S.K.: 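Sharing a structure with you now.
Treat the numbers as computed from the prediction; the structure is a model and nothing was measured. Note: hydrogens, waters and symmetry copies are ignored here, and every other heavy atom, side chains too, is used.
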Amino acid sequence: MESRELAYFVAVAEERSFSRAATRLGIAQPPLSRAVQRLERRLGVRLLDRTGRQVSPTRAGRVLFDEGRRALAALATAERLARRAGQAPPPLTVVTKPGGDAGLLTSVLARYAALPEAVDVDVLICSIGEEMALLRDGTADVALVRTPQDDLSGLDTEELLTERELVVVDRTHRLAGRASVSAADLAGETFPRWTADAPGSGPVIRDTGQVAELIALGRMIAVLPESVARRLGHGLVTIPVDDRRTTLLAAWPAERRDRALAAFIRTAAVTAAEMATGTGGGTAGGTATASPDAGPAA
């Protein structure tokens, strides 16, 4: 099976139309149709039900569609990683969402740049919830993420900084005058949903700029790390929530073994420890679950 034929089939299955798929792929419709037919003959199964202008995957087509998308994603990742590895030396890409670094990154980058094993660092600012996907597909080498995380399989992590969590409300909110609140005090409130699949009835947040505006309008409240909550502005009120804490992690692929990455993680951990001691606003993280070997790449 050729990857091009597989990509053609996946495009048709996604678009449910040969004409739309051809437009998307930038090719004429007849060669696209012939490529899918060749694929069906090679596999000995019908992949698409064709009804007028509409097409839909058969049972076999649905299987190939699901597996094909994964295969194409893996090929794209392999190509991206190979291109980056071919650079001398390859840069290190760090991904975080806006405000997701707890104010650490500026100092970490400056200290890291002075090390003899340092390489160029690209900082990728992503949308909420995209960090892990960008790390796993090879776009990023290190992700800065918050606990809890649903899936850390295949990754090593270093705890950097633990902070209080604060609830953020508008000045007219019933809790605005409180010195602290409990989880029970927040019952019945509307909270943001960080992904469309998250439970609840609150608004789906796609960028951090929405958070302050929606709280100020009285449409929701939010529980956020202290470093994020304090920067929202807009005359909002922040209140500690019991003893709730959140920890900032550096995460990277477990198979990575190189000096540049190891140096970056060490620099981040040292900077976080000094920040926690100097400000009193958080505590340095504990021992890493694993550290990248300072030896050559495996």
Side-chain angles (χ1 to χ4, degrees), residues 1-97 120 122-143 150-151 153-155 194-198 204 206-207 252-256 297-298:
M1 183 186 303
E2 296 181 4
S3 61
R4 183 175 63 177
E5 289 178 343
L6 182 58
Y8 285 179
F9 165 74
V10 168
V12 174
E14 286 179 338
E15 297 292 341
R16 300 296 180 103
S17 164
F18 278 94
S19 61
R20 288 196 298 271
T23 300
R24 170 175 142 186
L25 294 167
I27 62 175
Q29 184 173 333
L32 174 61
S33 299
R34 289 194 295 269
V36 173
Q37 289 168 358
R38 282 196 303 270
L39 182 58
E40 289 178 317
R41 287 196 299 269
R42 187 174 297 120
L43 296 176
V45 295
R46 192 175 77 257
L47 298 173
L48 297 169
D49 284 328
R50 299 159 174 84
T51 306
R53 296 185 178 180
Q54 289 290 327
V55 296
S56 58
T58 62
R59 181 178 178 182
R62 288 193 296 272
V63 171
L64 184 62
F65 176 66
D66 292 338
E67 298 299 327
R69 285 203 300 182
R70 281 191 282 269
L72 291 171
L75 284 173
T77 296
E79 179 181 353
R80 185 161 49 247
L81 291 175
R83 289 182 184 277
R84 292 183 61 198
Q87 301 177 48
L92 200 65
T93 298
V94 180
V95 63
T96 181
K97 63 177 177 288
D120 290 341
D122 295 330
V123 178
L124 177 59
I125 305 299
C126 68
S127 298
I128 292 172
E130 289 186 340
E131 303 97 319
M132 298 301 273
L134 293 170
L135 181 63
R136 292 186 186 281
D137 73 7
T139 300
D141 301 292
V142 183
D150 292 334
D151 183 13
S153 60
L155 303 175
W194 305 113
T195 67
D197 297 330
V204 178
R206 291 182 172 82
D207 66 76
W252 65 93
E255 70 274 9
R256 284 289 299 272

S.K.: With sequence neighbours left out, write down each residue that passes salt bridge (Lys or Arg N to Asp or Glu O under 4.0 Å) with E14, or none if nothing qualifies.
M.R.: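 Scan of E14 (salt bridge (Lys or Arg N to Asp or Glu O under 4.0 Å), adjacent residues dropped) gives R24, R69.
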
S.K.: Drop me the distance from E2's CD to L39's CG, to the nearest 0.5 angstrom.
M.R.: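 Here the rounded value is 9.5 Å.
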
S.K.: Check this for me: does any side-chain nitrogen of one of E131 and K97 sit under 4.0 Å from a carboxylate oxygen of the other?
M.R.: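 Looking at K97 together with E131, the answer is yes, because their closest N to O distance falls below 4.0 Å.
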
S.K.: Would you say that R136 contacts D151 through its side chain, given a criterion of any heavy-atom pair below 4.5 Å between the two side chains?
M.R.: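 They are in contact (side-chain heavy atoms under 4.5 Å apart), so the answer is yes.
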
S.K.: Of all the heavy-atom pairs spanning A13 and P57, show the shortest one and how long it is.
M.R.: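 Residues A13 and P57, closest heavy atoms: CB-CG, 4.1 Å.
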
S.K.: Answer yes or no: is there a side-chain heavy-atom contact under 4.5 Å between V142 and V95?
M.R.: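 A side-chain contact is absent here, since even the closest heavy-atom pair is not under 4.5 Å.
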
S.K.: Report the distance from atom CZ of F65 to atom CG of L48, rounding to the nearest 0.5 Å.
M.R.: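 Rounded to the nearest 0.5 Å, the CZ-CG separation comes out at 10.5 Å.
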
S.K.: Looking at side-chain heavy atoms only, is the closest gap between L75 and S3 below 4.5 Å?
M.R.: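 Touching, per the 4.5 Å side-chain cut-off.
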
S.K.: For A143 versus L135, what's the shortest heavy-atom pair and its separation?
M.R.: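 Scanning both residues completely, I find the closest heavy atoms to be CB-CD2, 3.9 Å.
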
S.K.: In Å and rounded to the nearest 0.5 Å, what is the CD1 to OG distance from I27 to S33?
M.R.: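 Atom-to-atom, I27:CD1 and S33:OG are 8.5 Å apart.
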
S.K.: In the structure I gave you, are the side-chain heavy atoms of V36 and F18 within less than 4.5 Å of one another anywhere?
M.R.: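 Of all side-chain heavy-atom pairs linking F18 with V36, at least one is under 4.5 Å.
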
S.K.: When you check the gap from the basic side-chain N to the acidic O, do E40 and R50 get nearer than 4.0 Å?
M.R.: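 Yes, this pair counts.
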
S.K.: Within the 4.5 Å heavy-atom criterion, are V12 and L47 side-chain neighbours or not?
M.R.: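 Side-chain contact under 4.5 Å: no.
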
S.K.: A7 and L72: which non-hydrogen atoms are nearest, and at how many Å?
M.R.: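 Here A7 and L72 meet closest at CA-CD1, 3.7 Å.
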
S.K.: State, to 0.1 Å, how close S56 and R16 come at their nearest heavy-atom pair, and which atoms those are.
M.R.: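 Shortest heavy-atom separation between S56 and R16 comes out as CB-NH1, 3.6 Å.
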
S.K.: R46: what forms a salt bridge (Lys or Arg N to Asp or Glu O under 4.0 Å) with it, not counting sequence neighbours?
M.R.: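 R46: salt bridge (Lys or Arg N to Asp or Glu O under 4.0 Å) contacts with D49.
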
S.K.: Tell me if a side-chain donor or acceptor on E130 pairs with a main-chain N or O of S127 at a distance below 3.5 Å.
M.R.: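 Flag set: sc E130 to bb S127 pair under 3.5 Å.
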
S.K.: Rounded at 0.5 Å granularity, tell me how far CD in E5 sits from CZ in F9.
M.R.: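 The CZ atom of F9 is 12.0 Å from CD of E5, to the nearest 0.5 Å.
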
S.K.: Rounded to the nearest 0.5 Å, what separates atom CD in E15 from atom CG in L25?
M.R.: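 Separation between the atoms: 8.5 Å.
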
S.K.: Which atom pair, heavy atoms only, marks the closest approach of V10 to G68?
M.R.: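 In terms of heavy atoms, the two residues are closest at CG2-C, 4.3 Å.
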
S.K.: Measure the spacing between CG of D141 and CG of L92 and express it to the nearest 0.5 Å.
M.R.: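 The CG atom of L92 is 4.5 Å from CG of D141, to the nearest 0.5 Å.
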
S.K.: For the residue pair L134 and C126, what are the closest heavy atoms and their distance?
M.R.: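 Looking at all heavy atoms of both residues, the closest pair is CD1-CB, 3.7 Å.
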
